[in-house]
Each structure stands twice: as C-alpha cells, then as structure tokens.
There are 2 protein chains.
Amino acid sequence: MSGPVNLADVARRAGVSQATASRALSGHPHVAGTTRERVWEAARALEYVVSPDASGLARGTTGRIAVVVPHLARWWFGAALEGLSEVLREAGRDLLLYRLGDAVSRQAFFDELPTRRRADAVVLLGFGVDERERERLDRIGVGIVAAGTRVGSHPSVSIDEYAAGRQAMDHLVHLGHRRIGMIVAADPEVDLAQPAGRSSAYRAALADAGITPDPALTVTVSWSAEDGARAMGELLGSPDPPTAVYAHSDEIALGAVRTLRRSGLRVPEDVSVIGIDDHPLAATTDLSTVAQPVGEQGDLAGRMVLAGLAGEPVDPVITVPTRLVIRGSSGRPPAPRPANRRP
Amino acid sequence: MSGPVNLADVARRAGVSQATASRALSGHPHVAGTTRERVWEAARALEYVVSPDASGLARGTTGRIAVVVPHLARWWFGAALEGLSEVLREAGRDLLLYRLGDAVSRQAFFDELPTRRRADAVVLLGFGVDERERERLDRIGVGIVAAGTRVGSHPSVSIDEYAAGRQAMDHLVHLGHRRIGMIVAADPEVDLAQPAGRSSAYRAALADAGITPDPALTVTVSWSAEDGARAMGELLGSPDPPTAVYAHSDEIALGAVRTLRRSGLRVPEDVSVIGIDDHPLAATTDLSTVAQPVGEQGDLAGRMVLAGLAGEPVDPVITVPTRLVIRGSSGRPPAPRPANRRP
DNA sequence: GTGAAAGCGCTAACAG
DNA sequence: CTGTTAGCGCTTTCAC
C-alpha cells in the first residue's frame, strides 16, 4: 500500500535528515561512507525512485531533451532517432518526442516554445525551419542542435549534401551517361532549402562534364516511392528520355525503378538509377546509392547536446562522410540508338 | 533580464492573487468573466507558459505518456508511432519515448519502473514482455495499453495475427500451391510469443488443405530483409524446394524475392512470395501481402490511454482488420516438373 | 468570486 | 559531515 515512497520515507528509515538522504543518493561528495551506505540500503529496501519532476523543479532542469521530427514512418528518421535515443538513454536523459507534421502543429509548437519548461535542450532531426521559427528558436534559452540539416548557427551534424550528390552524379557521368535526369525530393512545408546541395551537385556535375542541362529532365516531387514512380513516368514521357536517373533518395529511386520495369525497360541496361541514403532495402533491391551514416548522425547530435549541457565546448558543424555504393542498378549507357534514319 | 515569467508575474500584472490567476488560466468554473479576461490578457502580454512540472507536481500528474518500443528504424514502429504521437499531441500530452533494444536496457527500465513519476500511463508498441516484466508492469499503478501485441489483460489493439496469416496462406493454397515454405520472423529478445498466430496459421492452412507440412520448409530468422534473403537461400537448398513462400513480414519477403531473382528464378512464375504488413515499398516492388492498418493501431492505442486517463471505460481488446492485397509476386505454381525420369 | 496558506517532492545554501 | 531552512512554480482547500 502506501503509494509512492518519498525521499522523506527513505530519510526516516535511514535515520537521517532528508537533506542528507538527498545528498547521499545523488552522490554528493561530503557524505560519510557509512551514512551513504545506510541511505542507499533504505532506498533499495523501499524501492525508492526519485521524482524527476520534483528534483528538476528544485534544481532548475528537467532531465529531458526534446526531439523534433517532421516524420516518423520514413526510414531516415527512425534510424536517426534510434541513434539519438540510445545516447540519451545511456546518459539517463528522457526523450520527449515532438512530431510536427503540418503547418498548424509547427505553429503551435514554436509559439508555445519557452520549451525551457519542458526540456533542457532540443534536437531538430531532419527538421528544416523557416526564418520565423529560427528566430523563435534563437531566443528560447535552451541549447539547440540540428541533425540532417543546418539551423542557423546552431551546432549541427549532417552529411555534405553537395558532395553526396556529386558522388552519385559523377558515378553516372563516368559511366558515360550524358542524358541524366534528376528527381528532386521536396517536402512542401518541411524541407526548407534542404535538398539544395543535392540539386546543385547535379548542375555542377553536368557543367563539369560539359553537358547542357535539359530542364525537361528535372522533376520535383515529394519524398515517397510512389512519387518517385510518378516522376519517372514524367521523365519517360519527355521527348528525349534520360539514360540515367539520379534520385534524391533511395525510396524515390525505387519508385523510379518500378516505373522503368513496368515500361518494359531494363535496369541498368536501358536506364541506370541511383539514389541517396543506403536504405536497408536498397541492398535488397540491388540499388546503387550514396550511403550516409544515419544512426551515427543521431548519435552525434545526442553527444553534442549532452556536451552543451555539460558546459563543454561543442563543435559547431560536424560533417559525416558519405560513400558511393555501386550495385546493380547502374551501368553504362545503352549503345546509341540507330538514330532516326533507315540504314 | 527577467528569465521565464511565472504565474506570480501574471497575477501581479492582472492585479489578482496567484490563486485566482491559476483558476482563470486553467479554466476553472468560479471566476468572474472580467477577471478571467484580465488574467488571460496579462498572460498573453507576458507570453506566459505554465511549467508542466510544477503544475504536475502540485496536481499529482505529469501530463506525459511513456511509449516503449523495441525498434525505431523498422517501418511498422515508425508508422505506429506516427499515429500515436498525433493523438497525444492533439490531446496536449507529451510523449516520452523509450527505445529498449536489448536485455540490459529492458532490465533497467522495468526495474526503475514506478514510471508513476515520469508518466501518467505507458503504451507498449509492438513490445512483447515476459512474465517478470509483466508482473512488474501490473503493479506500477499507471494505465497500460498495448498495440501490436497483447500484454497480460491490459487493453490492447492489434490485428488478428492468425487471421492475417490465413489470408496469406489461403491465397497461396487457392492458387494451387502444395509445397509452401514459411519464413518465420522472430526477434530473440523482443518478440515473446509475438508471431505465434502467424505460424499457427501456416500449419492450419496446410492441414485444411490436406497438405503434410515439411519441416524443411520452415526457417526462422530475425526481422530484416537480409535475413529473409538468407532464409530463402536455405529453402532453395532443401531437397524439394517450395513453389511458394509465406513470409512473416514484407521486409523479409523482399529479401526472399532478391535471393530468388539472384538464383535465376522468376517471381511469380517459378516461385510465389507473399508477406505481411503492406510496407510502402511492397506496392513499389509489386509484392503481394496482407495489409494491416498500422498508423491506426497507434492512433487507437492513443485514444485508449486517453480514455483510461479520463476515467472512461476502455475496450479491453480491439482487433483491427487486415486485408489481402494481391500484387505481382504471387501466381499459380509452375507446371509440375517432368519428374526425374527420361521420356 | 477571491485571497491566504499549505503543500507537491526534492535540492541547495547556510550554519553548525 | 549533517541538519535546518528556504524555496522551485503551481494548485487547492478553506475561509471570507
């Protein structure tokens, strides 16, 4: 019975004051070894567990980290969250998850900020913010770390989007492709400027290869495989379809592959496809891609907040490496078609 | 200056006592309309935000719901979490995420329970627990709801695993398959008894069709696509390989498809494959499957905790429907091979 | 309707 | 080293 047992109960049982009990349990320096022992024993016997709220109230911290994500069902987010949650758990911090899917919930969240009262710091996971939101973030008084995106001048971990894009594009170019399509992924109200690097890599790679970009070969859709399929349809419908396609994500690339197959085209014999991410199913479906360490980004973001909270210096910008993974979806372009004249 | 603004500040500015300010803001009945107005105005002007911790401490609740998951990177969990987080957000509850990946973290979590002090209720998402853990859960004093699994006699939402399995198996049987393999998914330290229904559906379907099960056609692996590929390899290595394979998940099914293709076998002409889930990439890869409403399970679980917290009656067991989705990976079995004798 | 006062459970000076 | 005394910021009887 009795309900939750409090510090007072422990103190009483150990025959010390509540203050001493508190000190003993939170491992303070100036406590006699034997006292400490007695207190711990009482706590154990009573199955005592501190109230983080009360403790936090008194101490002025919450012990919680807020994590903001725009999605949860997409692989990248789950994987990043997995890395992040692991370090936070080990550090004994609780993770408060905020999934802000639409403009309304974002508004509400950023307006109600002074998150101060809910968490000691916030991690933005693949969450691009606009001017207004950034300004709001800047003055909430708690540490901010971004992973997968840059957010103002706050510390962040991410890949080099441009470099990743170049790895993919250069691969296609080196294989000999000259007509290369790009499927841009963009989430209307979530990715503010996110894939800029991936897109500029496309243009730069083309320029470096002396290829004139054909606007008809770039199509922008949202991040789903379905949209990737649709985009490929458009590309195929253009007057002079590409022999290779560079997609901003593996999911999109897989959608593209499906459309190609349905259209009776072979991958990579007729059309090459490459994505970005190294989604687990990319290996399964033999998709060439540019791998990025996702869980590690979450992990690093976690370490950064912790460091910040501990008053340690924090690297302002960490860039994790990406790596070209050549699988079966990319190959040389088909022999040039016999052109439109009869022999 | 100033730092966080408190209720006291609001009260002062509105010219009322803190008690009245509190009542006005939390929408209590006995407050004069004009007073209420004045308080709200002050609060707005000061951008006041309550401290959930202080408020909770005083009121005896936390305003938080703990959500426990064994994984985050696998689609099912992200999707379920998405549904759950949405209702909780709308209800103004914070979501505390606990990702318990291994035995150690589980131990720690369940031992430290009296979650009482961290959350008002806990939702187990696809998280099977063992005896010891269940016993622990039963006496922590907060509401418990399970989604995707049953946990003791706590309220739960899930599909009918057996029925789902039968939909998949019956489909294969009806197509004429007699040698059907099964790839069982099991997570050593996470799925305690979870896929029992999916496995028994296999045996029952076979029995109903008068087919003698061949132990060589059942192989158990973990939930990854890679393992599905490996499992399919084993199946192919058996003396008399199956003409159809029933996998416990789409990810596993996709792994199996890959092995088949690499072995030069066509799907579904040579071997049919069916999974469970209706993973977004199942549609993309034209995989037949049994669809389950995942986000909805999270959503319902959320509503159940909220109802419980509100003291409303809660359905003890909700079963959401599954649906056979026939795509291109399943078809009739190949014509019987010419048998091992020469004409 | 509103204010005063007593905590919620814990921590942090400040004295001993 | 340990106990006493104040709160942390808010809610809630209990009177007026």
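Note on naming: letters A, B, ... go to the chains in the order of the sequence lines (proteins, then strands), and numbering restarts at 1 for each one.
- Residues B:Val123 and B:Leu88 form no side-chain contact, since every pair of their non-hydrogen atoms from C-beta on lies 4.5 Å or further apart.
- A:Asp130 places none of its side-chain heavy atoms less than 4.5 Å from the side chain of A:Arg106.
- Surrounding CD of A:Glu131 are at most 12 heavy atoms belonging to other residues, nucleotides or ligands under 6.0 Å away.
- Residue B:Gln297 comes nearest to B:Ala147 through the heavy atom pair O-CB, 4.1 Å, listed as atom of the first residue, atom of the second, then distance.
- Contact annotation: A:Thr35 side-chain N/O to D:dT2 OP1/OP2 distance is under 4.0 Å.
- Distance alone, capped at 3.5 Å, places no donor-acceptor pair between the B:Arg89 side chain and the A:Ser105 backbone.
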Checklist entry - Reading nucleotides 8-16 of chain D 5' to 3', which nucleotides get B (base under 4.0 Å from a protein heavy atom), which S (sugar-phosphate only), which -? => result BBBBBB---
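- Taking the 5' to 3' direction, DNA chain C first and last meets chain B under 4.0 angstrom from a heavy atom at C:dG1 to C:dG9.
- A:Ser222 and A:Asp187 are not linked by any side-chain donor-acceptor pair at a separation below 3.5 angstrom, with hydrogens and angles left out of the test.
- Within the 4.5 Å cutoff, side-chain heavy atoms of B:Asp53 are placed close to those of A:Arg64.
- Inter-residue side-chain proximity for A:Val305 and A:Arg93 is flagged as unmet; no heavy-atom pair is nearer than 4.5 Å.
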